[in-house]
Novice: 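Please read through the structure below; I'll follow up with questions.
From a predicted model like this one, the values you see are computed outputs, not experimental measurements. Read the numbers this way: they start at 1 and go in the same order the structure lists the ligands and their atoms. Computation of the quantities below employed the complete heavy-atom set of this structure, encompassing side-chain atoms and omitting hydrogens, waters and symmetry-equivalent molecules.
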Amino acid sequence: MAITLDTDLARVLGAKTAKAMAESLDLRTVRDLLRHYPRRYARRGEMTRLDDLQVGDRVTVLAQVRRVSTRRMRNRPGSLTEVTVGDGAGEMQLVFFNRRHGGLTEGAWGLFAGTVGEYRRTKQFAHPDFHLITGDDDEDWARALIPIYPASKDVSSWVIQKSVRLLLDASGGFGFVEDPLPEDLRARHGLLSLAAALLDVHRPTSAEDVERAEDRLKWDEALILQLVLAARRRAAALEPGTARPRRSGGLLDAVDAALPFALTEGQQAVGEELAAELSRDQPMHRLLQGEVGSGKTVVALRAMAQVVDAGGQAALLAPTEVLAAQHARSISGMLGPLARAGELDGDPSGTRVVLLTGSLKAAARREARAAVADGSAGIVVGTHALLQQGVDFADLGLVVVDEQHRFGVEQRDALRAKGNRPPHVLVMTATPIPRTVAMTVYGDLETSVLRQLPGGRGGVGSSVVPVSDKPGWLDRAWERLREEVAAGRQAYVVCPRIGEDETGSDDTDAPDDADGAPPEEDEGKGGDRRPPLAVLDVARALDEGPLAGLRLAVLHGRMTPEAKEATMRAFAAREVDVLVATTVVEVGVDVPNATVMVVMDADRFGVSQLHQLRGRVARGEHRGLCLLVTEVRETTATGQRLAAVAATSDGFELARVDLETRREGDVLGAAQSGKRSNVRLLSLLEDEELIAAARVEATALLSTERGLADHPGLAAEVAALATDERAGYLEKA
Ligand code: ADP
Ligand code: MG
């Protein structure tokens, strides 16, 4: 039987094992199995310490049986066997109820797999699966490093190990594995062949073997990802766009004249970059990264004005209705009569600014759509409603996506498709992005950075208020808030939940973002935590207690758009002292007089979310204050994470902290299509150089006349990754 990477596992392993693998681990072909790498390697003398494990973890450990004792159970019939296994200094209890535990005799070695449980405050393994390593067992078990695979209840690590072994024997050493990487590339970077790397990763004899193998296998992942992205960039560069050159005496000049401040150097520099790119007939694809409060909006507005001056339309896509409304309001405000062309008091040389959101009444929506379709609306601000069918632009020249982390590539593409020719695209992110993420998740975009904050900002001081460790601090926090209000300032109090009988968190009109929630709790007591604090409850308690007498208002996603809008206006007009809200205030809300941000249950928010929230009180000349209230102890990982947020306001540093606390796959998943991620080993934290090198190689490979034509193996892998609508880009390349 000739084995290839595409051979069905059933033909190699038999129907039963193959079925279990397919069902529980989604492994179907030889390729799937070979790409299912060990999670780690066990060695004798290095047993995983039970102390390091969490209740609920599924683990496999290598250990020796030390003691076995069986007794009748006191309260129910049957017997209970306790087996103590250990290795070196570590010991662990295994418990079996009425079960055969044949062969578990003192001195036996084995792999034990199960879920970590707890009984009377002691961690234990309740009736784990085990595989004993007997004297006449094959040489697999004599190896120095025993691979521990991601496994399931039905397919244990040792079954996977045996299956790989079977494949190896049947194929005579993975000789059938063809290497997709070009020979010269491998030589340049000193990489093993794929067959050798697979052999070493599954059956290493030393830690060095593993390292070299992983190095090579990471290259596969990085290169293929970069090829997909490079193909996208290339296809985009070949698309014919429309040049929107700068024209004087138009909207842009009017905007510049109306600005109440001088642009920062960064804003000017990025402005020039954008102006030049918009003047070309190749569509711009640019990512603008800027600290919270660095003034991205005005940069975008100036680009939009240039496009309108050149006869096109510009669309600004915002993640929430609150934010869309605020943008529309501030742009209209800045343009004055120039935003009301066609109206009685309007300036006929101007344009119209139109707001298009899902909650518009039918008549208003019809009117807005008509203005978009006949081109009288030069600037269109909206939410996802802009993406809908029936929204047709007369001549869409520029798409600006604000706070990108809430939008996927597909949505960007949907809006791009609304132009007669591909429009220019500017994506803005408020959260700084580590270089590796910029090269992967946003790898199809060029990047600009606004590092500088406009001068005259007071900055923000942040502190954690650990109510478990220091109960008195909360009272002090409310006192500080009252002092600020007494001095004429305003405050936000943010809670994770709305309250009353709602279940989920906030139902804003934005989809769930990738970055939101912190990782699962590290204290391992998930179940008995109290529910998160809710806006409605907290507002009531504050009103009757520590903030009595102040003017409080609530803001959350379940309010009608009109009510939200009215509340934001009242807050902006200083008719409200304290806004108790969900994260609807997270992105972009701009009230410079607000100086205090109290985040309740701060541990329930992600790092970048907290950084965003804090940005809300760094907007004016007064120094802002951000208090992160939590019941989590300072010494826990979550406590440390909060401390890190309080300690630095450097967004790039926090982006790193954020990345460390998130699962890589979640971040990289956003860059990929297809059901399964091709990224298993590659780490955004550790492999910066490798990713950069792969990017260079990918660009070089695609820049030749023949592209991937001489590398069918690579082409196939790339095609497999880009199976959905994004394949279109590759075909064009
Ligand atoms: P972000 O980059 O977070 O979106 P914004 O665009 O909302 O920031 O700008 C934050 C605030 O800074 C706004 O009130 C804006 O008017 C103001 N601003 C922008 N540029 C400057 C500048 N050059 N000088 C002073 N204030 C500025
Ligand atoms: Mg903004």
Side-chain angles (χ1 to χ4, degrees), residues 255-272 274 286-305 316-336 381-383 400-407 426-433 447-460 489-490 492 510 513 568 571-572 574 583-595 597 608-624 626 649-652 654-655:
V255 168
D256 282 342
L259 284 184
F261 45 71
L263 295 175
T264 63
E265 273 172 40
Q267 285 170 322
Q268 275 170 23
V270 174
E272 290 307 316
L274 299 185
R286 189 163 282 276
L287 173 71
L288 172 56
Q289 296 190 52
E291 275 290 354
V292 184
S294 59
K296 294 182 289 293
T297 314
V298 67
V299 171
L301 175 58
R302 294 183 69 246
M304 293 195 280
L316 172 57
L317 192 56
T320 65
E321 297 215 348
V322 170
L323 195 50
Q326 179 187 288
H327 276 315
R329 197 163 53 232
S330 71
I331 290 173
S332 299
M334 207 172 289
L335 294 178
V381 184
T383 53
V400 179
V401 182
D402 193 13
E403 319 294 359
Q404 154 77 6
H405 64 289
R406 302 241 178 174
F407 287 105
L426 176 65
V427 173
M428 307 199 288
T429 72
T431 316
I433 297 168
T447 312
S448 303
V449 181
L450 276 183
R451 281 186 184 272
Q452 199 183 10
L453 294 186
R457 296 278 174 78
V460 189
R489 310 278 101 75
Q490 292 160 280
Y492 301 97
D513 55 336
M568 273 317 293
F571 190 62
R574 305 191 187 188
T583 53
V584 287
V585 301
E586 176 192 347
V587 272
V589 171
D590 188 20
V591 177
N593 191 51
T595 55
M597 165 74 59
S608 59
Q609 240 182 339
L610 292 172
H611 187 53
Q612 283 289 312
L613 284 168
R614 173 166 62 184
R616 301 308 115 216
V617 292
R619 309 243 122 193
E621 77 228 58
H622 307 289
R623 185 162 174 78
C626 174
S649 56
D650 177 347
F652 284 88
L654 287 174

Novice: How would you list, by chain and number, every residue that makes a side chain to side chain donor-acceptor pair (under 3.5 Å) with Ser332, sequence neighbours excluded?
Specialist: none
Novice: Under a 4.0 angstrom heavy-atom cut-off, which atoms of ligand 1 come close to Leu263?
Specialist: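 In order of numbering, the contacting atoms are 23 (N).
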Novice: So among Leu323, Val381, Thr429, Leu426, which one has a side-chain contact (heavy atoms from CB on, under 4.5 Å) with Asp402?
Specialist: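 Per the side-chain contact (heavy atoms from CB on, under 4.5 Å) rule, the option paired with Asp402 is Leu323, out of Leu323, Val381, Thr429, Leu426.
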Novice: Output the list of atoms in ligand 1 that are nearer than 4.0 Å to some heavy atom of Thr264, sorted by atom number.
Specialist: 23 (N)
Novice: Of the non-hydrogen atoms in Ala318 and His327, which two are nearest, and what is the gap between them?
Specialist: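 Heavy atoms only, the tightest pair is CB-CD2, 4.2 Å.
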Novice: Quick check on contacts: which atoms of ligand 1 are under 4.0 angstrom from a heavy atom of Ser294?
Specialist: 2 (O), 8 (O)
Novice: If hydrogens are left out, which of Arg616, Lys296, Gln268, His327 has an atom nearest to atom 1 (P) of ligand 1, that is, the closest non-hydrogen atom?
Specialist: Lys296
Novice: Provide the closest heavy-atom pair for Arg302 versus Asp256 in the form atom of the first, atom of the second, distance.
Specialist: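 Closest heavy-atom pair between Arg302 and Asp256: NE-OD1, 2.7 Å.
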Novice: Applying a heavy-atom cut-off of 4.0 Å, say which part of Ala262 lies close to ligand 1: side chain, backbone, both or neither.
Specialist: backbone
Novice: Minimum heavy-atom separation for Thr383 and Ala324, please, with both atom names.
Specialist: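 Closest approach of Thr383 to Ala324, heavy atoms only: CG2-CB, 4.0 Å.
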Novice: Distance under 4.0 Å to a non-hydrogen atom of Thr297: what atoms of ligand 1 satisfy this?
Specialist: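 Taking each heavy atom of Thr297 in turn, ligand 1 has 4 (O), 5 (P), 6 (O), 7 (O) under 4.0 Å.
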Novice: Looking only at heavy atoms, what is the nearest atom pair of Gln490 and Phe571, with distance?
Specialist: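 So the two residues come closest at NE2-O, 2.6 Å.
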Novice: Is it the side chain (CB and beyond), the backbone, both or neither of Gln267 that lies under 4.0 Å from ligand 1, heavy atoms counted?
Specialist: side chain
